[in-house]
Amino acid sequence: METLKTHAVHGGTLRYLKHDSAVTGTPMTLSVFVPPGEGPFPVLIWLSGLTCTEDNFTTKAGAYGAAAEHGVIIVAPDTSPRGEGVADDPAYDLGQGAGFYLDATQAPWAPHFRMESYVVEELIELVDTEFPATKARAISGHSMGGHGALTLALRHPHLFRSVSAFAPIASPTRCPWGEKAFSAYLGDDRDVWAAHDAARLIEAGVGGGCYDDILIDQGDADPFLTEQLKPELLAAAAEAAGQRVTLRMQPGYDHSYFFMASFIADHVAFHAARLNG
């Protein structure tokens with residue numbers, strides 16, 4: 001990996017990195033915070049939302065004080081492949097910056113848009129090889145990244161000890177963002193879509209019982225709450241399946257990083273208790 005820049009923060013080291021991905025066939029960028037000390041440390045993977053790069057979380061979430069306190073590496077990858085020759089769309093909710101953390105099967109997206117495989121195969125192996133990481137991992141994210149965190153944790157429970165999310169797209173098969181992206185990336189078969197829908201996965205018993213709790217924070221002033229996010233669908237699926245979900249509706253909070261910065265320390269502590277347990 002190429003180190004683009006390095007910063008000292010909260011006694012630890014933050015690196016911006018770039019590498020050539022064999023999975024996406026493109027360069028990929030990410031940030032990695034390593035807390036102070038020799039390690040090895042458990043790892044929290046953070047997945048960002050629509051239009052974001054690795055820089056949004058890195059500069060705005062304010063997570064590194066808590067990560068240093070609890071001794072947790074935080075890894076924040078980009079949200080999609082990018083560059084010349086990579087398919088794109090003029091809209092913000094499809095194409096570059098909108099990978100949805102799945103492996104596309106449809107043209108023109110399939111050659112590069114393989115974000116599920118990138119995260120669960122290449123990224124994890126890269127971190128394990130290049131950093132003082134233990135095999136204890138957690139995953140979290142925001143909005144589209146919250147969808148990614150939930151679905152990847154449910155689909156690959158052997159990789160993660162815990163999962164949380166901020167304002168996730170809880171059931172993308174039943175909202176405009178998800179329907180648009182899934183149609184483009186996966187085709188028209190809604191049964192295929194269901195394998196990438198957290199509420200549907202919990203309903204089907206996928207990953208059930210692997211997590212003692214799933215922490216979700218949602219602002220009640222979020223402009224996307226009713227049409228796009230629909231946390232009530234996830235809560236209902238979890239109740240029916242016997243999967244514990246702690247859904248905290250936070251009064252007055254919106255969809256921005258001000259919301260995440262207000263509660264990110266809770267999420268780091270939630271994961272640290274399970275990663276170090």
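As a basis for the values below, the full set of heavy atoms in this structure was taken, side chains included, without hydrogen atoms, waters or symmetry mates.
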Query raised in the report: Any chain of hydrophobic side-chain contacts (each under 4.5 Å) joining V268 to V32?
Result: no
Query raised in the report: Any luck finding a side-chain donor-acceptor pair between T151 and H196 under 3.5 Å?
Result: no
Query raised in the report: Are any non-hydrogen side-chain atoms of L229 and H255 less than 4.5 angstrom apart?
Result: yes
Requested in this report: Name the orientation class of the two ring planes belonging to F57 and W46 (parallel below 30°, tilted from 30 to 60°, perpendicular beyond 60°).
Outcome: parallel
Requested in this report: I would like to know whether L102 and F182 meet side chain to side chain contact (heavy atoms under 4.5 Å, CB included); could you show each step before the answer?
Outcome: CA-CA 9 Å; L102 50 77; F182 286 9; 3.5 Å; yes
Query raised in the report: Is a side-chain donor or acceptor of D78 paired with a backbone partner of L30 at a separation under 3.5 angstrom?
Result: no
Requested in this report: Could you grab the distance from atom CD1 of I74 to atom CD1 of I45, nearest 0.5 Å is fine?
Outcome: 11.5 Å
Report task. Would you give the length of the straight line joining atom OG1 of T13 to atom NE2 of H7, rounded to the nearest 0.5 angstrom? Result -> 11.0 Å
Requested in this report: Please say whether more than 12 non-hydrogen atoms of neighbouring residues, nucleotides or ligands are located less than 6.0 Å from CZ in F258.
Outcome: no
Query raised in the report: Hey, is the main chain of D217 close enough, under 3.5 Å, to the side chain of Q250 for a donor-acceptor pair?
Result: no
Query raised in the report: When the ring planes of Y185 and F113 are compared, do they come out parallel, tilted or perpendicular, using 30° and 60° as the limits?
Result: parallel
Query raised in the report: Side chains of P172 and W177: closer than 4.5 Å at any heavy-atom pair?
Result: no
Query raised in the report: In terms of ring plane angle, is the pair F166 and H267 parallel, tilted or perpendicular, where the classes change at 30° and 60°?
Result: parallel
Query raised in the report: Between R15 and M1, does a side chain to side chain contact (heavy atoms under 4.5 Å, CB included) hold up when you go through it step by step?
Result: CA-CA 11 Å; R15 292 180 176 88; M1 288 193 293; over 6 Å; no
Requested in this report: Would you kindly say whether E54 and S31 are connected by a side-chain donor-acceptor distance under 3.5 Å?
Outcome: no
Query raised in the report: Is there a side-chain contact between Q228 and M144 (heavy atoms, below 4.5 Å)?
Result: no
Query raised in the report: If you count the non-hydrogen atoms of other residues, nucleotides and ligands that lie under 6.0 Å from CZ in R248, is the total more than 12?
Result: yes
Query raised in the report: Does R200 reach the side chain of R190, with side-chain heavy atoms less than 4.5 Å apart?
Result: no
Requested in this report: Could you walk me through whether L225 and M249 pass the side chain to side chain contact (heavy atoms under 4.5 Å, CB included) test, one step at a time?
Outcome: CA-CA 11 Å; L225 175 60; M249 296 298 298; 4.1 Å; yes
**Report entry** Donor-acceptor pair, side chain of Y118 and main chain of P81, under 3.5 angstrom
**Finding:** no
Query raised in the report: When you check the side-chain N and O atoms of D55 and T53, is any donor under 3.5 Å from an acceptor?
Result: no
Requested in this report: Indicate yes or no for a side-chain donor-acceptor contact from Q218 to the backbone of L247 under 3.5 Å, with no hydrogens or angles considered.
Outcome: no
Query raised in the report: Between the side chain of H147 and the main-chain N/O of F100, is any donor-acceptor distance below 3.5 Å?
Result: yes
Query raised in the report: What's the spacing between L159 CG and I139 CD1 if we round to 0.5 Å?
Result: 9.0 Å
Report task. Look at atom CD of E239 and say whether more than 12 heavy atoms of other residues, nucleotides or ligands are closer to it than 6.0 Å. Result -> no
Query raised in the report: Sub-3.5 Å donor-acceptor pair from the side chain of D213 to the main-chain atoms of T246, do we have one?
Result: yes
Requested in this report: Walk me through it: do S164 and S140 pass the test side chain to side chain donor-acceptor pair (under 3.5 Å)?
Outcome: CA-CA 5 Å; S164 73; S140 186; 2.8 Å; yes
Report summary line: The single option from E122, H112, R114 that satisfies side chain to side chain donor-acceptor pair (under 3.5 Å) with S21 is E122
Query raised in the report: Could you give the distance from CZ (F131) to CD1 (I73), rounded to the nearest 0.5 Å?
Result: 7.5 Å
Query raised in the report: Atom OG1 of T173 and atom CG of L186: how far apart are they, to the nearest 0.5 Å?
Result: 11.5 Å
Query raised in the report: Cluster question for you: counting only ILVMFWY and a side-chain heavy-atom cut-off of under 4.5 Å, with indirect links fine, are F160 and V245 together?
Result: yes
Query raised in the report: If you round to the nearest 0.5 Å, how far is CH2 of W109 from CG of D89?
Result: 5.0 Å
Query raised in the report: W193 side chain to D188 main-chain N or O, any donor-acceptor pair under 3.5 Å?
Result: no
Query raised in the report: Would you call L47 and P77 a side-chain contact if the rule is heavy atoms closer than 4.5 Å?
Result: yes
Query raised in the report: Under 4.5 Å between side-chain heavy atoms, hopping through other hydrophobics if needed: is there a path connecting F270 to V163?
Result: no
Query raised in the report: Same cluster or not: are I264 and F259 linked, directly or through other Ile, Leu, Val, Met, Phe, Trp or Tyr residues, by side-chain heavy atoms under 4.5 angstrom apart?
Result: yes
Query raised in the report: So among R274, R244, R161, which one has a salt bridge (charged side-chain N to carboxylate O under 4.0 Å, His left out) with D212?
Result: R274
Requested in this report: Report whether L44 and V9 are members of the same hydrophobic cluster (ILVMFWY, side-chain heavy atoms less than 4.5 Å apart, transitive linking).
Outcome: yes
Query raised in the report: Does F224 have its ring centroid less than 6.0 Å away from the ring centroid of H142?
Result: no
Query raised in the report: Can you list the steps and then say if V72 with F33 is a side chain to side chain contact (heavy atoms under 4.5 Å, CB included)?
Result: CA-CA 8 Å; V72 176; F33 171 78; over 6 Å; no
Query raised in the report: Got a donor-acceptor contact below 3.5 angstrom from the K230 side chain to the C175 backbone?
Result: no
Report task. State whether a side-chain donor-acceptor pair under 3.5 Å links S48 with N56. Result -> no
Query raised in the report: So, R137 and D128, do they make that salt bridge, N to O below 4.0 Å?
Result: yes
